[in-house]
Asker: 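Below is the structure I would like to discuss, written out as structure tokens.
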Amino acid sequence: MRIDQLDADLIELLTDSPMLPVMECARRLGVARGTVSSRLARLHEAGVIRGIVPRIEPAGFGYTLVAFCSVEIIQKYGHDPVATALEEAIPEIVDMYTVTGTSDLQLRVVARTPEDLQDIFNRINTVPGVARTSSSFALHEHFQGRTLPLVEACAKAGSGTMQTDQ
């Protein structure tokens, strides 16, 4: 899908302030309300925007520790059943990916204390299909979910094209 500078500006505005009404977005961008509505619908339908929601910071409610956990699974279980079981059993898993390399799944986990983190790892290891885990702690977050520079680069590029599933 092609995006232009107005699309990029709209995405940035709603990333910074996801609760802004369409009318206020239109006012700030200097365009008609219908333009904002149609752009949002087009961006959503193309899969560029999945939703407009507040960004939740686990540290804001006490989950200040971040760790990454590599999970090796017992292959006869399969990735999807193990991933589903982990998702259902452990709310402290905030991101999960199937990956290549020496492990099968990569998790980002949050915890309140080192003791809580150990408990989370213990719970991960009891999920059927988990063979073994290894982990590392995040010492400092430089950035997370960095997409606005990519959106801006696509808008400014000659083609302005972002790859989508459609």
Side-chain angles (χ1 to χ4, degrees), residues 1 3 7-8 10-22 37 39-154 161-166:
M1 140 168 219
I3 67 166
D7 292 325
L10 178 58
I11 291 167
E12 181 176 3
L13 183 61
L14 289 170
T15 298
D16 292 341
S17 303
M19 303 300 284
L20 279 181
V22 170
S37 293
R39 294 286 181 121
L40 283 173
R42 183 174 58 86
L43 291 166
H44 183 75
E45 288 169 10
V48 174
I49 295 176
R50 282 194 285 177
I52 301 170
V53 297
R55 183 173 171 202
I56 307 302
E57 293 292 340
F61 47 100
Y63 289 84
T64 56
L65 294 178
V66 176
F68 299 93
C69 182
S70 297
V71 177
E72 291 180 43
I73 67 168
I74 300 168
Q75 295 301 309
K76 72 177 183 177
Y77 282 84
H79 289 83
D80 290 342
V82 175
T84 299
L86 287 165
E87 178 183 8
E88 291 172 354
I90 304 168
E92 297 90 350
I93 298 172
V94 293
D95 292 308
M96 182 185 318
Y97 298 91
T98 294
V99 296
T100 61
T102 58
S103 63
D104 299 299
L105 297 171
Q106 182 71 34
L107 317 176
R108 184 168 62 97
V109 177
V110 296
R112 291 186 170 147
T113 66
E115 294 79 17
D116 289 341
L117 191 56
Q118 181 61 59
D119 176 65
I120 293 163
F121 291 148
N122 291 343
R123 288 186 282 139
I124 290 170
N125 280 303
T126 64
V127 169
V130 171
R132 76 182 49 83
T133 62
S134 65
S135 60
S136 59
F137 291 97
L139 300 176
H140 176 75
E141 178 183 304
H142 295 276
F143 57 81
Q144 180 190 87
R146 181 178 178 256
T147 56
L148 289 178
L150 178 62
V151 169
E152 191 64 36
C154 287
T161 300
M162 291 187 78
Q163 297 295 323
T164 65
D165 292 338
Q166 296 184 0

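Just so it is clear, the model here is predicted, and its values are computed rather than measured.
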Asker: After noting the C-alpha distance and the side-chain angles of Ile52 and His44, does the key distance pass the side chain to side chain contact (heavy atoms under 4.5 Å, CB included) rule?
Answerer: CA-CA 10 Å; Ile52 301 170; His44 183 75; over 6 Å; no
Asker: Please report the closest heavy-atom contact between Cys154 and Ile3, naming both atoms and the distance.
Answerer: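 Taking Cys154 first and Ile3 second, the nearest heavy atoms are CB-CD1, 3.8 Å.
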Asker: Look up atom CG in Leu43 and atom CG in Asp7, then write down how far apart they are to the nearest 0.5 Å.
Answerer: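 The CG atom of Asp7 is 4.5 Å from CG of Leu43, to the nearest 0.5 Å.
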Asker: Tell me, please, which residues at least two apart from Phe143 pass ring-ring contact (aromatic ring centres under 6.0 Å, His included).
Answerer: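 Partners of Phe143 under the ring-ring contact (aromatic ring centres under 6.0 Å, His included) test: none.
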Asker: Of all residues at least two apart in sequence or in a different chain, which pass the ring-ring contact (aromatic ring centres under 6.0 Å, His included) check with Phe121?
Answerer: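 Expected list: none.
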Asker: Verify the neighbour count for atom CZ of Arg50: are there more than 12 heavy atoms of other residues, nucleotides or ligands below 6.0 Å?
Answerer: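 12 or below, so no.
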Asker: Could you list all the side-chain hydrogen bond (donor to acceptor under 3.5 Å, both in side chains) pairs where at least one residue sits in residues 78-97, not counting sequence neighbours?
Answerer: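 Only Glu92-Arg123, Asp95-Arg108 qualify under side-chain hydrogen bond (donor to acceptor under 3.5 Å, both in side chains).
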Asker: Over all heavy atoms of both residues, which pair between Leu105 and Ile73 is shortest? Give the atoms and the distance, please.
Answerer: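 So the two residues come closest at CD1-CG2, 4.2 Å.
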Asker: How long is the gap from CD on Glu57 to CD on Glu141, to the nearest 0.5 Å?
Answerer: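 These two atoms lie 6.5 Å from each other.
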Asker: Using every non-hydrogen atom in the two residues, find where Val130 and Ile124 come nearest and quote the distance to one decimal.
Answerer: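 Answer, listing the atom of Val130 first, then Ile124: CG2-O, 3.5 Å.
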Asker: Hey, does Asp104 have a side-chain heavy atom less than 4.5 Å from the side chain of Gln75?
Answerer: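 Of all side-chain heavy-atom pairs linking Asp104 with Gln75, at least one is under 4.5 Å.
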Asker: So, using salt bridge (charged side-chain N to carboxylate O under 4.0 Å, His left out) as the criterion, who are the partners of Glu152 when residues are at least two apart?
Answerer: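 With neighbours one apart ignored, the set is Lys156.
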Asker: Check step by step if side chain to side chain contact (heavy atoms under 4.5 Å, CB included) holds for Phe61 and Ile56.
Answerer: CA-CA 10 Å; Phe61 47 100; Ile56 307 302; 3.7 Å; yes
Asker: Please tabulate, one pair per line, all N/O donor-acceptor pairs under 3.5 Å involving side-chain atoms of residues 10-20, not counting sequence neighbours.
Answerer:
unit_1 : atom_1 : unit_2 : atom_2 : d
Thr15  : OG1    : Ile11  : O      : 2.7

Asker: So Leu117 and Phe137, do their side chains get closer than 4.5 Å, heavy atoms only?
Answerer: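 The answer is yes; the side chains approach within 4.5 Å.
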Asker: Pair up each side-chain donor or acceptor in residues 65-72 with any protein partner under 3.5 Å, not counting sequence neighbours, and list the distances.
Answerer:
unit_1 : atom_1 : unit_2 : atom_2 : d
Ser70  : OG     : Gln106 : OE1    : 3.0
Glu72  : OE1    : Arg132 : NH1    : 3.0

